Amino acid sequence: MSSTSAGDCKMQSIEKKPRKKATGWVIALLMLALILAGFLFFSKEKIPPPPKKPDFITLFQTEEDTILALTINPTGGETYTLIKTEDGYAIKGRDSFPLNQDLAASMFDMVRLIRASERIAVIDQANSPEDFGITQDSLTITLRLKNGQQVTTRFGYPLNLESYSQYLMMDGDTTVYLTSDNYPDVCDFTDLQLHTVPGINFTPDLVDAIHVTGERELSLERVNDFWQLTHPYTYPAQPSKVQAVLEKIGKMRLAAYEAEGTEANLAKYGLASPRFVVCLKMAESVISSADTQTGEQSSVRIPAHEQVFQIGRSFDGIGFYCLYEHKIYKATMLSMGFLENLTSDDLALTTPVHLSINALTGLDVAYENRQASFTLEIVEQVAKNNQLVVDEHGRIQYDLWLFAGDRRLDPAPFVAAYTQATKLSASANLPEGYQAAGKPLGSVSLSFEGGHMEVEFFPYDALTLSVQINGKALHMIDKESVQIVLNQLIKAADNPFVR
């Protein structure tokens, strides 16, 4: 076996030669590609975008001052013509007709542009205008222009789409169009619907009494700044409920003129024997105004008077016919329906101790053979310098002085107890015809300027009491709540005033 010496096994070093980088020609190729792409892009002929489809198709357009007359054939009414006059607008041949000028102006403004959103069909042997609801009874609008031109538009069925759409045709054109402009909403009025409607413009704060006669009777009167029912029984009224009625009275609006109040029309509209007659007694008032140029003040005295609304038969389940100032109008349930629903039971007081504490002049309370009597005085606060105390707005500040006989009391416990008393509220109505019997469990007698109210609580069952106010019992109330309040009021007499 041969052997190899160490010298023969020497390792030879191999030197690695560096590779030449190729970044230069790569960059050059990329730049060439970009130049070529740019040349191709900018040299390529641009293709124009397709023309935008118009949003509307104008069928007729003019200025309002070119329109001489506007003839309307409304749905459900007789044809009439509106003309322009020196003072505005009028119905041709009926110059004395009290025309609503705002509605007439809106109609003239609306029809100066007739446009459609799309073409639907062309009338031929396969179809007819009637297929689209365009008939002799359809809403038809005819314009007569100063140049002698006459333009007529007829409207067909409305479509039940997300937005308003309706068929229409122009005379002289066999195309049926679809419009998204609501022409009927502005122009589809009968001549009677264009009659002016009086505004019921009075401040509800001036209402001193409300009397309802007819199918249901009620009288509500303001007595010494307090509202009370005087018919069919005498009972205090709930202030919040009366205020809600007054606010609705202030928002009343007649919807549309219907007819003159002739004997024949009264019978036709159920007003010869109205279902209800509502009489609002208005207090005397003064209307003040100022001249916009000179600033001179003037005032007009309006004497006490009555506003009377007679309610006849209903129509379409949405309103009723109303006789007001010798004319018959439509009134909606939304605006005036509450007049039909006024009842004494709904307006009767449900919070028996409801007077604000600064309205009281005295209070007597009795409960289980114990009783207390209080006299209240509201006195101006006087500072140490003998000047009246006022707040940051200059309003005089007052203190409550409370007495039990000749003893002056700390008013705080009484105020706390009385505040709880004002929170007492009826839990339910008593059965019709209920009469309280026996002795009351307790009572609260309230005295105020110009009046007095006696509140008595009688046993009804184990958990409730009946409430009798000035001898009339309508409601029941939680027994435990009453007992707590009566005890607190009586205990308030045991707290002498400490300076």
Side-chain angles (χ1 to χ4, degrees), residues 54-64 66-67 69-84 88-92 97-120 129-130 132-144 151-171 173 175-199 251 253-258 315-319 329-336:
D55 293 331
F56 295 100
I57 304 165
T58 300
L59 304 177
F60 168 78
Q61 187 170 11
T62 189
E63 295 300 323
E64 186 181 335
T66 66
I67 305 175
L70 175 60
T71 299
I72 304 291
N73 178 28
T75 56
E78 299 294 327
T79 301
Y80 61 90
T81 298
L82 294 174
I83 58 174
K84 288 187 175 181
Y89 305 91
I91 294 182
K92 185 178 180 180
F97 183 89
L99 180 68
N100 186 318
Q101 296 293 313
D102 291 338
L103 286 179
S106 297
M107 295 167 74
F108 270 79
D109 180 66
M110 186 72 177
V111 298
R112 63 187 178 84
L113 172 62
I114 305 295
R115 63 185 185 178
S117 53
E118 59 180 298
R119 295 176 177 85
I120 297 299
E130 287 79 6
F132 301 92
I134 300 171
T135 69
Q136 293 298 318
D137 297 326
S138 299
L139 169 63
T140 303
I141 300 173
T142 300
L143 285 74
R144 184 163 60 85
V151 179
T152 299
T153 310
R154 304 177 190 276
F155 294 85
Y157 295 132
L159 273 66
N160 187 20
L161 302 176
E162 289 184 3
S163 59
Y164 172 83
S165 293
Q166 187 163 10
Y167 296 122
L168 68 80
M169 288 187 70
M170 306 288 291
D171 275 14
D173 188 348
T175 303
V176 178
Y177 298 91
L178 195 66
T179 182
S180 58
D181 291 340
N182 199 338
Y183 295 95
D185 191 53
V186 179
C187 300
D188 195 8
F189 291 103
T190 66
D191 54 349
L192 294 182
Q193 291 171 331
L194 293 178
H195 192 291
T196 54
V197 176
K251 296 176 182 178
R253 297 293 181 269
L254 295 167
Y257 171 84
E258 183 67 25
F315 65 86
D316 301 334
I318 62 170
Y329 299 92
K330 285 182 175 180
T332 65
M333 297 300 293
L334 182 63
S335 174
M336 298 178 65

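Everything numeric in this text was worked out from a predicted model, so none of it was measured.
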Side-chain donor/acceptor of [X] to backbone N/O of [Y], under 3.5 Å:
| X | Y | answer |
| --- | --- | --- |
| Ser165 | Leu159 | no |
| Asp181 | Arg115 | no |
| Gln166 | Gly156 | yes |
| Thr75 | Leu139 | no |

Could you report the tightest heavy-atom contact between [X] and [Y], atom names first, then the distance?
| X | Y | result |
| --- | --- | --- |
| Glu258 | Lys330 | OE1-CE, 3.2 Å |
| Tyr80 | Asp191 | CE2-N, 3.5 Å |
| Tyr177 | Leu59 | CZ-CD2, 3.6 Å |
| Pro74 | Phe189 | CB-O, 3.5 Å |
| Tyr164 | Tyr183 | OH-N, 4.5 Å |
| Phe132 | Tyr167 | O-CD1, 3.5 Å |

### Task
Decide whether Thr135 and Asp137 meet the rule of one side-chain donor and one side-chain acceptor closer than 3.5 Å.
no

### Query
According to the salt bridge (Lys or Arg N to Asp or Glu O under 4.0 Å) rule, which pairs have a member within residues 152-165, sequence neighbours left out?
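Applying salt bridge (Lys or Arg N to Asp or Glu O under 4.0 Å) to every pair that reaches into residues 152-165, excluding sequence neighbours, yields Arg154-Asp171.
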
### Thr142, Thr140, Asn73 screened by side-chain hydrogen bond (donor to acceptor under 3.5 Å, both in side chains) with Thr79, the one that passes
Asn73

### Message
Using side chain to side chain contact (heavy atoms under 4.5 Å, CB included), reason through Leu82 and Leu99 one step at a time and then give a plain yes or no.
### Response
CA-CA 10 Å; Leu82 294 174; Leu99 180 68; 4.1 Å; yes

